[in-house]
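We use all heavy atoms of the structure for the numbers below, so side chains are in, but hydrogens, waters and symmetry mates are not.
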Amino acid sequence: MPPQTDLLPPSSSASPPVGYDGDSAVPRIVPVRRTGRWAAAVAVLILLALTLNSVIRNEAFEWDVVVSYFATVSVLRGLWLTLWLTAVVMVLGFALGALLAVLRLSGNPVLRAVSWGYVWLFRSTPILVQLLFWFNIGALYPQILGVNTVTLMGPVTIAVIGLTLHEAAYAAEVVRGGILSVERGQIEAAQSLGLGPWRRFRRIVLPQAMRSIVPPAGNMLIGTLKGTSIVSIIAVQDLLYSVQLVYHRTYQVIPLLLVATIWYALVTSLLSIGQRYVERYYARGTAGAR
């Protein structure tokens, strides 16, 4: 057997390894040059600055008019009606939606079919069509239970009914998805402990289902706030209709639309902040809690 020989050391004339700095044994860390990223950032900042400058210096926006009408009584009254409509529609819509979700998950095939049909119908037709239909319901049923529908159902009542029925269809799917997200094993464990259906739902199912319900429910709340602007088509004096009444008189369309835009942006921003804290509350103990 030939004798084993040790590896010869590299000759001094060999070039040093790539990444080493001189005679030091510590590798030299070279940062990655991200020229494209910084160039894109600079380009975006320049575009934003040009846009902001155009918005501020363009006299057609009439910012003085925006400031003068921003907190007028008519605009604030319309804002209050918008907030009131949003709150009422969300409460009633989720109450009806929770009932529809329970019916959809029941073992009764008739109740399941009724719930499915309701969701299918109201999700298949535009909200504008639904509002116009309810606005003209007096042509189909002039009286219901001896009550004159033409005089009873004013624009605000029609807006509440139309938006609530539409909202319930989407809320039903949100609640149903949240309930289905709870593991079946936990429900069976609660049954083995002798907990009744209501206590199982209140103590086991609902707290865990809220983790899946809150994020889409928050998005629905913001969407409902903005969606209430559609009731202006039936002469409900919400925020949008209030500014429309002003610019139909003054012909200052752009600044009045900016008033409505800023108010919608402010309220939705506050709702988004509140949604974040509610999500963090129900996500306690999970890996995604922040």
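The structure places CD1 of Ile234 at 5.5 Å from CD1 of Ile158, a figure rounded to the nearest 0.5 Å. Here the straight-line distance linking atom CG of Leu81 with atom OG of Ser242 works out to 7.5 Å at 0.5 Å rounding. Interatomic distance, Leu163 CG to Leu92 CG, rounded to the nearest 0.5 Å: 11.0 Å. Here the straight-line distance linking atom CG of Leu45 with atom CG of Leu52 works out to 12.0 Å at 0.5 Å rounding. To the nearest 0.5 Å, atom CZ of residue Arg104 and atom CD1 of residue Ile179 are 12.0 Å apart. The CD atom of Gln275 sits 13.5 Å away from the CZ atom of Arg280 when rounded to the nearest 0.5 Å.
Pairs of residues two or more places apart, or lying in two chains, that qualify as side-chain hydrogen bond (donor to acceptor under 3.5 Å, both in side chains) and include a residue from residues 214-236 are Glu167-Thr224.
Between the side chain of Asp238 and the backbone N or O of Tyr241 there is at least one donor-acceptor pair closer than 3.5 Å. The closest donor-acceptor contact from the side chain of Trp63 to the backbone of Val55 lies under 3.5 Å. With hydrogens and angles ignored, the 3.5 Å screen pairs no side-chain donor or acceptor of Ser54 with any backbone N or O of Leu50. Checking side-chain atoms of Thr72 against main-chain N and O of Ser68 turns up no donor-acceptor pair under 3.5 Å. For His248 (side chain) and Gln244 (main-chain N/O), a donor-acceptor pair under 3.5 Å exists by modelled atom type. Side chain of Trp263 to main chain of Phe70: a donor-acceptor pair is present (N/O by atom type, distance under 3.5 Å, no hydrogens or angles).
In this structure the side chain of Val231 never reaches within 4.5 angstrom of the side chain of Phe135, judged on heavy atoms. Side-chain atoms of Leu103 and Val114, non-hydrogen and from C-beta on, never get closer than 4.5 Å to each other. In this structure, Thr82 and Val267 have side chains that are not in contact, with every pair of non-hydrogen atoms separated by 4.5 Å or more. Side-chain contact between Leu239 and Val259 is absent, with no heavy atoms from C-beta onward closer than 4.5 Å. Residues Phe133 and Leu140 form a side-chain contact, since some pair of their non-hydrogen atoms from C-beta on lies under 4.5 Å apart.
In terms of hydrophobic clustering, with Ile, Leu, Val, Met, Phe, Trp and Tyr side chains grouped at heavy-atom distances under 4.5 Å, Leu100 and Val91 are assigned to different clusters. Val102 is not connected to Phe94 by any chain of hydrophobic side-chain contacts under 4.5 Å among Ile, Leu, Val, Met, Phe, Trp and Tyr, and they are in different clusters. In the hydrophobic cluster analysis, where Ile, Leu, Val, Met, Phe, Trp and Tyr join through side-chain heavy atoms closer than 4.5 angstrom, Val243 is grouped apart from Val67. Under a hydrophobic clustering in which Ile, Leu, Val, Met, Phe, Trp and Tyr are joined whenever their side-chain heavy atoms come within less than 4.5 Å, directly or via other members, Leu245 and Ile233 fall into different clusters. In the hydrophobic cluster analysis, where Ile, Leu, Val, Met, Phe, Trp and Tyr join through side-chain heavy atoms closer than 4.5 angstrom, Val246 is grouped together with Ile262.
When all heavy atoms of Ser272 and Ile222 are compared, the pair lying nearest together is OG-CD1, 3.4 Å. The minimum heavy-atom distance linking Gly162 with Leu131 is given by the pair CA-CD2, 4.0 Å. Of all heavy-atom pairs spanning Val175 and Ala98, the tightest one is CG1-CA, 4.2 Å. Taking every heavy atom of both residues into account, Glu62 and Gln252 meet most closely at OE1-NE2, 3.8 Å. Residues Ala171 and Gly93 come closest through the heavy atom pair CB-O, 3.8 Å. Taking both residues in full, the closest heavy atoms of Gly178 and Ser212 are given as CA-CB, 3.9 Å, listed atom of the first, atom of the second, then distance.
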Chi angles and distances behind the side chain to side chain contact (heavy atoms under 4.5 Å, CB included) call for Trp84, Val156: CA-CA 11 Å; Trp84 181 84; Val156 176; 3.8 Å; yes
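For CD1 of Ile137, the number of neighbouring non-hydrogen atoms (other residues, nucleotides, ligands) closer than 6.0 Å is greater than 12. Atom OH of Tyr247 is surrounded by more than 12 heavy atoms from other residues, nucleotides or ligands within 6.0 Å. At most 12 non-hydrogen atoms from other residues, nucleotides or ligands lie less than 6.0 angstrom from OH of Tyr281.
Gln130 and Thr125 form a side-chain donor-acceptor contact under 3.5 Å, judged by distance and modelled atom types alone.
Checked against the 6.0 Å centroid criterion, the rings of Phe122 and Tyr118 qualify as a close aromatic pair.
Between Arg176 and Glu173 there is a salt bridge, with a side-chain nitrogen of the basic residue lying less than 4.0 Å from a carboxylate oxygen of the acidic one.
Under the side chain to side chain donor-acceptor pair (under 3.5 Å) criterion, Ser106 pairs with no residue, sequence neighbours left out.
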